[in-house]
Undergrad: 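Got a structure for you, written out below as structure tokens; questions coming shortly.
Keep in mind that this is a model prediction, so the values were computed, not measured. Atoms considered below: every heavy atom in the structure, side chains included; atoms not considered: hydrogens, waters and symmetry mates. Convention: sequence-line order gives letters A, B, ...; per-chain numbering from 1.
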Amino acid sequence: MDGNSAIGEAAIRAGCRCYFGYPITPQNELTEYMAMHLSRKKGCAFVQAESELAAINMVYGASLVGARAMTSSSSPGISLKQEGISYLAACELPAVIVNMQRGGPGLGSISAAQSDYFQATRGGGHGDYRTIVLGPSSVQELADLTMRAFELADKYKIPVIILGDGVLGQMMEPVEFKKEAPAELPIRENSLRGATGRPSKIVKTFTSNPSELEEINWSLFRRYTLIKKQETTCETFMVDDARLVVIAFGIAARIAKGAIKTARAEGLKIGLLRPITLWPFPEEQVKEVAKTTGQFLVFEMNMGQMIEDVQLALAGQGEVAFYGRPGGVIPAPSEVARVITRLYYQKGLK
Amino acid sequence: MDGNSAIGEAAIRAGCRCYFGYPITPQNELTEYMAMHLSRKKGCAFVQAESELAAINMVYGASLVGARAMTSSSSPGISLKQEGISYLAACELPAVIVNMQRGGPGLGSISAAQSDYFQATRGGGHGDYRTIVLGPSSVQELADLTMRAFELADKYKIPVIILGDGVLGQMMEPVEFKKEAPAELPIRENSLRGATGRPSKIVKTFTSNPSELEEINWSLFRRYTLIKKQETTCETFMVDDARLVVIAFGIAARIAKGAIKTARAEGLKIGLLRPITLWPFPEEQVKEVAKTTGQFLVFEMNMGQMIEDVQLALAGQGEVAFYGRPGGVIPAPSEVARVITRLYYQKGLK
Amino acid sequence: MKLIYSRPKSLKKAVFHYCPGCGHSVAHRLICEVIDEMGLQEKTLGIPPPGCSVFAYNYFDVDMAESAHGRGAAVATGVKRAYPEIVVFTYQGDGDLAGIGTAETIHAANRGENITTIFINNAVYGMTGGQMAPTTLCGMKTTTTPYGRDHLLEGHPIKMSEILALLEGVAYIERVAVNSPSNIRKTKKAIAKAFQMQLDKRGFSMVEILSPCPTNWKMSSVQAWKWVDEEMAKVFPLGVFKDVTEKKDAD
Amino acid sequence: MKLIYSRPKSLKKAVFHYCPGCGHSVAHRLICEVIDEMGLQEKTLGIPPPGCSVFAYNYFDVDMAESAHGRGAAVATGVKRAYPEIVVFTYQGDGDLAGIGTAETIHAANRGENITTIFINNAVYGMTGGQMAPTTLCGMKTTTTPYGRDHLLEGHPIKMSEILALLEGVAYIERVAVNSPSNIRKTKKAIAKAFQMQLDKRGFSMVEILSPCPTNWKMSSVQAWKWVDEEMAKVFPLGVFKDVTEKKDAD
Amino acid sequence: MIVRPAEKTPVRSLLIIVSDKQSTAKIVRGAIVISRELCKGCELCISFCPKKVISQSDKLNAAGYLSAVFSDNGQCTGCAICAIVCPEVAIEVYRE
Amino acid sequence: MIVRPAEKTPVRSLLIIVSDKQSTAKIVRGAIVISRELCKGCELCISFCPKKVISQSDKLNAAGYLSAVFSDNGQCTGCAICAIVCPEVAIEVYRE
Amino acid sequence: MLIKTLIAGFGGQGVLSMGLNLAEAAMLEGKNVTYLPAYGAEVRGGTANCTVAISDDEIASPVASSPEFVVAMNQPSAVKFQHHIQSGGLFFLNSSLVEVEILRGDIEIVRVAANKIAEELGSPKAANMVMLGALTRKSGLVELASMIETLKRIMGAKKKLVDVNEKALKTGYDLF
Amino acid sequence: MLIKTLIAGFGGQGVLSMGLNLAEAAMLEGKNVTYLPAYGAEVRGGTANCTVAISDDEIASPVASSPEFVVAMNQPSAVKFQHHIQSGGLFFLNSSLVEVEILRGDIEIVRVAANKIAEELGSPKAANMVMLGALTRKSGLVELASMIETLKRIMGAKKKLVDVNEKALKTGYDLF
Ligand SMILES: Cc1ncc(C[n+]2csc(CCOP(=O)(O)OP(=O)(O)O)c2C)c(N)n1
Ligand SMILES: Cc1ncc(C[n+]2csc(CCOP(=O)(O)OP(=O)(O)O)c2C)c(N)n1
Ligand code: SF4
Ligand code: SF4
Ligand code: SF4
Ligand code: SF4
Ligand code: SF4
Ligand code: SF4
Ligand SMILES: [Mg+2]
Ligand SMILES: [Mg+2]
């Protein structure tokens with residue numbers, strides 16, 4: 001199954017019955033999967049919106065009435081959703097947003113890239129807010145993290161971004177779905193389904209009193225602190241004895257893993273740390289690894305974005321090198337292996 | 001003169017003849033100033049666009065044909081411009097974009113805030129790119145930095161963001177303009193004014209070849225390195241003997257300065273570092289100050305954004321505390337003075 | 001003596017923040033009267049816009065949710081598709097609906113979304129301080145047309161009811177005004193009809209309300225109410241532009 | 001023997017990347033012929049969209065600049081306002097112009113921007129792989145309407161020429177097709193007329209071109225060209241929808 | 001953020017309407033009660049009342065407006081036109 | 001980014017048209033020349049030619065298409081209909 | 001010395017022009033000055049306020065959380081701002097419209113029947129100037145002469161208007 | 001062992017279904033597999049390609065910068081991809097359509113007149129299956145039986161279609 005369709009199937013199994021999207025390569029298979037499965041089924045909604053702006057605001061609407069709703073796009077389209085994401089975050093409305101990144105900036109290329117990391121992890125829209133950001137690195141993980149995304153979104157009333165990339169969306173790999181689609185559409189509590197038997201409710205952020213808005217901000221950030229504590233996840237691979245640890249996410253981590261295996265085969269002690277939640281970033285885990293390793297290589301398919309989170313986590317401990325390929329270039333594992341090996345020798349680790 | 005009008009006047013004196021905007025509080029006075037001065041004058045263009053999206057794309061069009069063009073908005077409207085800014089950056093087109101920030105996220109409040117720092121400094125749109133970001137802290141500086149913005153934009157073929165805030169735009173202060181409006185509209189070389197006497201030209205980013213896009217990315221970043229070297233500016237105030245240095249920008253820096261004066265009057269050795277270019281961030285200057293001071297307080301009218309740049313610059317040197325007020329709350333200098341003083345004693349500096 | 005006219009039940013007991021003589025207040029009350037009379041208070045969700053009516057949720061005693069500027073129709077689409085049992089209405093200004101929200105409005109209408117839109121046309125961006133709206137009349141001075149709107153530079157006022165009436169998904173469009181007792185009565189009828197269309201699942205319904213804005217028109221309330229008839233209604237003629245329930249001659 | 005038909009000068013000597021039988025190629029050539037005949041090669045700026053025609057700059061030998069999806073009319077507005085001496089045209093697909101770019105198109109037209117738009121209506125999102133466009137016919141299967149477009153859920157195909165003709169800033173709107181020798185000839189005339197409107201500063205001009213997309217319609221080229229007449233033109237009737245230079249009876 | 005209006009309505013709207021109704025003295029066919037504190041003095045009721053039985057007070061109310069006053073001279077028909085036009089929903093109408 | 005097309009046109013379009021014109025043999029009133037390499041075999045010229053003097057080759061061209069072939073039997077009127085419909089601008093028309 | 005003045009009332013009362021007048025007069029005297037009007041939703045429904053900061057030194061913030069002087073031209077403003085005023089500050093009340101009881105004992109209250117006086121002067125619209133005159137005298141922020149000169153600058157050619165306002169200003173000034 | 005195969009041609013030649021068939025057959029055999037079609041602007045104008053990676057271990061990248069096996073079903077693909085192929089790799093050429101001269105001496109060239117053979121079999125559309133058969137045999141990536149089973153799975157009920165394709169597959173397999 002291709003990655004995009006896997007997201008679609010996982011979403012449906014997670015109880016997502018509302019999808020609003022707009023075509024853009026390389027994520028069209030997801031939109032099309034949802035068209036196939038939701039557009040004519042009772043109790044389901046599929047709308048091909050007139051734009052990404054409309055789509056994210058339809059998600060907002062569906063989320064208001066308690067539905068598990070989703071939208072997806074790729075880089076330029078995600079830029080257009082920034083205002084909407086800021087509203088979702090501010091109004092504490094769950095939603096799942098998929099970004100199958102492509103090369104940028106501008107119209108760019110449709111090849112896979114990772115250059116929307118800043119936008120996703122630092123709230124590319126206006127105002128202080130965060131979204132949970134998940135960075136899958138296989139088709140199986142696309143499926144698993146999609147399901148997790150819906151759960152996290154509901155649990156913390158927060159938009160969750162799945163930060164994939166073109167290749168992940170397009171490629172096919174075997175995938176297993178761990179859950180059956182629920183028979184009933186889950187309805188979130190507190191949703192705006194009419195003031196029957198209760199006082200009427202308001203969902204809003206606007207205020208003429210900044211202190212009120214400040215309180216909203218603080219309450220959001222208290223939740224963010226909780227999320228940091230409870231939901232940060234990452235994968236480590238052979239870090240225990242590693243003298244050099246590569247930090248990479250998504251498809252880049254997968255490539256790096258291949259490269260590390262090559263290097264290990266040649267006796268180089270190299271490990272991998274792969275953040276799975278990009279926000280919250282696994283700071284503690286990086287710090288932990290830094291206790292035993294002094295050398296890091298951050299590898300990203302961009303000009304250097306996650307590296308800031310790594311540096312912030314390390315706060316001066318250890319040395320951090322960077323290897324980046326922007327614009328949609330997908331380096332081969334062998335190329336990354338060369339880079340790692342060179343660095344390993346340069347730093348006198350062997 | 002109010003801050004918003006001062007920007008307008010400065011822009012016109014800098015040779016800006018094209019303004020495209022859309023109403024949003026608290027920056028309407030700028031749009032209105034431009035309507036008054038550009039909407040009926042020959043050789044000038046003022047369009048109240050149908051949306052912020054349209055406005056930024058009109059700027060793109062005007063910049064294509066070599067005009068000095070400008071747009072302005074406030075937080076939610078700036079979110080809508082992210083796609084367009086990414087295109088401008090990718091196509092190496094100069095433009096000046098004013099963000100008179102208000103409280104967020106969502107519709108938020110219309111009071112002054114500084115919570116779009118991440119969005120501005122890390123390219124809130126998709127892809128790897130940067131914009132120059134200037135952080136004025138008085139009406140006079142709004143005027144001066146507006147003029148500088150147009151020069152930088154043209155010099156480096158880059159969009160420049162003026163990151164102001166609601167209060168700066170609304171308040172009146174005396175202001176002096178250092179330059180007369182030029183009689184002639186400057187036309188940038190290389191603009192697309194028709195292929196007369198030369199081969200036809202193309203402005204584009206799209207490619208089916210990622211390596212081509214990668215090369216564009218590298219060339220952008222080579223320019224960015226140059227900008228970092230040549231254009232980084234900041235103000236320091238009484239840092240030489242300071243045992244605690246406050247780092248703040250814009251209106252917050254101004255408030256902090258007042259607070260520092262109070263504290264100094266009581267014999268506390270406190271200084272201020274105020275980044276004027278927010279991107280490029282004055283890393284070196286921060287490092288320089290860290291040679292003599294071990295304690296920092298970052299004060300922002302948000303939940304903590306610029307603090308990451310400070311931490312990145314310090315890389316573990318010194319201790320960094322944070323004081324933030326989000327959502328449009330504007331703390332009084334006396335309040336900030338209390339925070340500073342408390343920290344000063346806590347850290348045993350006295 | 002019997003009390004024959006008082007505050008509708010679904011209108012909260014709060015003082016409007018609107019300026020004296022503002023049409024928004026009247027429109028609010030009429031919507032509440034309709035909601036009460038149709039018994040919809042417990043199953044309605046209202047979507048107010050950024051605009052002078054941004055605080056509408058402080059007045060309507062039904063579920064209410066803020067929307068991003070111009071996106072009301074998209075939000076309502078999401079709402080109604082996800083939960084068709086709700087009665088959803090958007091409340092939008094002319095800057096909101098005919099400016100930044102043009103695409104969302106046209107496409108929701110074209111899809112025949114089963115939603116109701118109350119469109120307050122006051123020929124100006126009220127909230128932000130009186131800038132030109134897409135519906136500002138030619139010659140009218142606003143803060144962004146200080147020399148008067150010139151159709152050669154700023155175009156003619158845009159007529160959303162006429163445009164939307166072209167679309168096949170539209171069930172009902174009427175343009176009314178809240179500037180006289182009889183017009184106010186007609187407005188209420190139109191609003192009721194629009195909600196009925198939604199209850200009958202006929203598709204998109206919209207009531208465009210010409211609404212005085214004394215503050216930005218720089219007139220007294222009484223002048224402003226007159227001006228709606230004397231100037232505005234000439235450019236924006238009142239009437240039904242589409243009604244799928246009407247017998248058509250040319251059918 | 002005299003050479004009576006060959007490649008226009010302003011069409012670069014490059015192989016089109018379009019599929020066999022695609023209407024884009026024909027439209028490109030016609031625009032170039034008009035540019036050559038009107039002597040505009042040195043003073044024209046073309047704005048192609050994301051879409052199958054994203055690479056149009058590889059074919060037109062005039063200044064060309066990429067635009068963000070749907071924003072062609074806004075970009076052209078900026079261009080023309082900043083430098084009125086240029087002849088600017090946007091080239092836009094139906095997803096681009098009638099979908100995401102609805103607001104920009106309508107408002108540029110309403111302002112009477114003195115620009116020319118070539119609107120390629122192929123009833124589908126070509127570039128992205130054949131999704132439903134706002135102009136997809138009812139019943140048509142696309143990758144996002146796998147069961148056929150159902151007007152109750154997806155609405156009817158939207159008719160941009162008819163809508164834009166309502167706007168006062170519009171100088172000229174014609175719907176043509178590139179599916180037969182005579183229609184192609186008419187298309188060329190319409191394009192020439194649209195550019196002439198711009199040269200004469202009459203306001204917004206647009207030529208909507210019904211354009212075959214054999215690939216996504218899943219037809220042979222010959223079938224697709226026929227289908228334009230047989231199905232598409234029934235929903236999108238050909239003809240002039242507005243022409244300010246025409247003598248009007250009702251004037 | 002979901003706010004129950006009862007808890008968090010902004011200050012301005014918390015001015016709950018207090019019944020500061022003027023007494024409804026002698027009643028002939030109709031009568032109205034104008035809430036002095038809701039009234040914003042727009043004069044629309046005054047202008048539209050067919051019987052001209054509403055006039056403007058010469059005293060500002062708490063919000064600073066010259067509110068409308070019902071001059072109950074027995075002419076009021078209870079036609080409710082004043083209430084229909086009143087933007088502030090400040091008028092209650094009674095009829096026999 | 002401003003690219004002069006001569007320097008940087010993507011590979012695909014660099015396939016400059018080579019004149020691989022078929023010879024224009026016996027001429028009566030009109031004749032056409034079809035570029036074998038530009039042709040994408042859409043068959044539109046074949047279908048629209050009023051004289052039916054174009055047919056499909058049975059050999060694929062380099063791009064893998066069965067290109068159109070002019071069967072110059074003296075019937076061609078040089079009406080240019082084939083060229084007008086040809087999406088690839090692959091046809092040149094000659095007339096006496 | 002930094003002194004902040006907040007002036008509040010409802011629209012149409014000329015609250016913003018009072019602030020502007022004060023700000024420009026102080027500028028004329030070579031002081032550092034900021035003027036900040038309240039904006040946006042705050043001013044819907046007819047209320048308005050502005051803050052003027054005057055100082056010999058750079059001004060840190062144009063916002064006044066606890067101004068030295070507060071002018072309340074109407075009842076709602078008096079209610080809203082009475083708790084903002086700095087201890088020891090002056091509270092100017094337009095006693096023509098304000099009936100509220102002031103509970104604080106740590107501030108000085110200056111009652112000016114601005115509307116009444118203006119009416120008596122035959123120019124009911126000049127109530128703001130009466131108050132401004134009183135403010136000028138009691139606050140000592142600027143000279144009366146600077147106020148009058150600024151008035152002339154702002155109102156320019158309209159001689160009659162200037163006269164009316166000048167008279168009101170002086171009347172207010174002479175109250176104390 | 002990780003082996004990558006790139007299959008290219010123009011649309012309509014069934015290039016993507018070749019890749020899918022290979023990928024699914026390998027999955028059937030319990031291998032780790034990724035399948036990556038080229039997408040977007042790449043596929044306008046009729047060209048298409050896809051990459052299949054097969055491995056016993058986790059697959060690091062589905063992209064092939066230097067595949068072991070390359071199948072070129074038409075001339076442009078042969079030109080474009082001849083330099084990508086790994087030294088020592090196999091280059092499958094559809095000699096019915098490819099005339100280009102291959103300049104590299106470090107790879108093995110396998111010419112299959114796929115179209116001609118398919119035509120001879122009476123099913124010109126099955127040229128891809130002929131080639132796939134040849135690929136199966138020469139590459140040893142999967143068993144022929146797995147290929148046939150996958151074919152049946154994918155084509156499902158359409159018995160006649162399966163038969164035609166199976167025949168073509170076997171013919172290609174038996175060429176070597
Ligand atoms: C994206 C965005 N742009 C701009 C604004 C600022 N804004 C708030 S309301 C409004 C328009 C008000 O005009 P209208 O819709 O006509 O409503 P009115 O106030 O006249 O009732 C604008 C531009 C915003 N909130 N969000
Ligand atoms: C913001 C944004 N959203 C989506 C896309 C993806 N995209 C590229 S072209 C296109 C539409 C193509 O359809 P159309 O405009 O009809 O042109 P055609 O290809 O049919 O000629 C889309 C959705 C994009 N590039 N940018
Ligand atoms: S500004 Fe106009 S629309 Fe807004 S509240 Fe005042 S009168 Fe009403
Ligand atoms: S997909 Fe359709 S529109 Fe696009 S190039 Fe092919 S035939 Fe033309
Ligand atoms: S009810 Fe009729 S008559 Fe009586 S006061 Fe009102 S408008 Fe006048
Ligand atoms: S209409 Fe209402 S608000 Fe206006 S004056 Fe009369 S009672 Fe007062
Ligand atoms: S010129 Fe006319 S007759 Fe000759 S080949 Fe072309 S279409 Fe046929
Ligand atoms: S119309 Fe052109 S491309 Fe099509 S077959 Fe004829 S020559 Fe070839
Ligand atoms: Mg309005
Ligand atoms: Mg299309």
Side-chain angles (χ1 to χ4, degrees), chain C residues 69-71 73-74 77 80-81 84 94-115 132-138 144-145 149-171 201-204 235 241 244, chain D residues 69-71 73-74 77 80-81 84 94-115 132-138 144-145 149-171 201-204 235 241 244:
Chain C
H69 187 31
R71 318 301 169 199
T77 297
K80 194 77 181 182
R81 294 278 181 142
D94 43 0
D96 194 75
L97 182 141
I100 193 170
T102 307
E104 286 76 8
T105 306
I106 287 185
H107 285 278
N110 190 59
R111 282 191 306 267
E113 294 298 340
N114 197 29
I115 61 178
M132 179 186 76
T135 53
T136 293
L137 306 195
C138 288
T144 49
T145 53
R149 180 176 190 161
D150 177 350
H151 71 93
L152 291 175
L153 286 161
E154 283 95 27
H156 287 272
I158 200 163
K159 295 169 189 165
M160 290 306 286
S161 287
E162 282 83 338
I163 291 175
L164 293 172
L166 277 186
L167 304 174
E168 284 160 287
V170 168
K201 303 194 173 50
R202 302 303 297 247
F204 184 84
V235 178
F241 290 87
V244 289
Chain D
H69 188 30
R71 316 304 169 198
T77 296
K80 193 77 182 185
R81 293 277 182 142
D94 43 0
D96 194 75
L97 181 141
I100 192 170
T102 307
E104 287 75 9
T105 306
I106 287 184
H107 284 277
N110 191 59
R111 284 190 306 267
E113 294 297 341
N114 197 28
I115 60 177
M132 180 186 75
T135 53
T136 294
L137 307 195
C138 289
T144 49
T145 54
R149 180 176 189 159
D150 177 351
H151 72 94
L152 292 175
L153 285 160
E154 282 96 25
H156 286 272
I158 201 163
K159 294 169 189 167
M160 290 306 286
S161 286
E162 282 83 339
I163 291 175
L164 293 172
L166 277 186
L167 305 174
E168 283 160 288
V170 168
K201 303 195 171 51
R202 303 302 299 248
F204 184 84
V235 178
F241 289 87
V244 289

Undergrad: Which one wins on heavy-atom pair count under 4.5 Å against chain D: C:Gly112, C:Gly70, C:Ala98?
TA: C:Ala98
Undergrad: CG/D:Leu97 to OG1/D:Thr102 distance, rounded to the nearest 0.5 angstrom?
TA: 7.5 Å
Undergrad: Does any donor atom in the side chain of D:Asp96 or D:His69 lie under 3.5 Å from an acceptor atom in the other side chain?
TA: yes
Undergrad: Under 4.5 Å, counting heavy-atom pairs only, tell me which of D:His156, D:Glu104, D:Glu154 racks up the most with chain C.
TA: D:His156
Undergrad: Between D:Ile163 and chain C, which part of the residue has a heavy atom less than 4.5 Å away: side chain, backbone, both or neither?
TA: both
Undergrad: Going by the side chain to side chain donor-acceptor pair (under 3.5 Å) test, name the single residue among D:Arg71, D:His107, D:Arg111 that passes it with D:Thr77.
TA: D:Arg111
Undergrad: Between C:Leu153 and chain D, with a heavy-atom cut-off of 4.5 Å, which part of the residue counts as in contact: side chain, backbone, both or neither?
TA: both
Undergrad: Can you tell which of C:Lys80, C:Lys201, C:Arg81 makes a salt bridge (Lys or Arg N to Asp or Glu O under 4.0 Å) with C:Glu113?
TA: C:Arg81
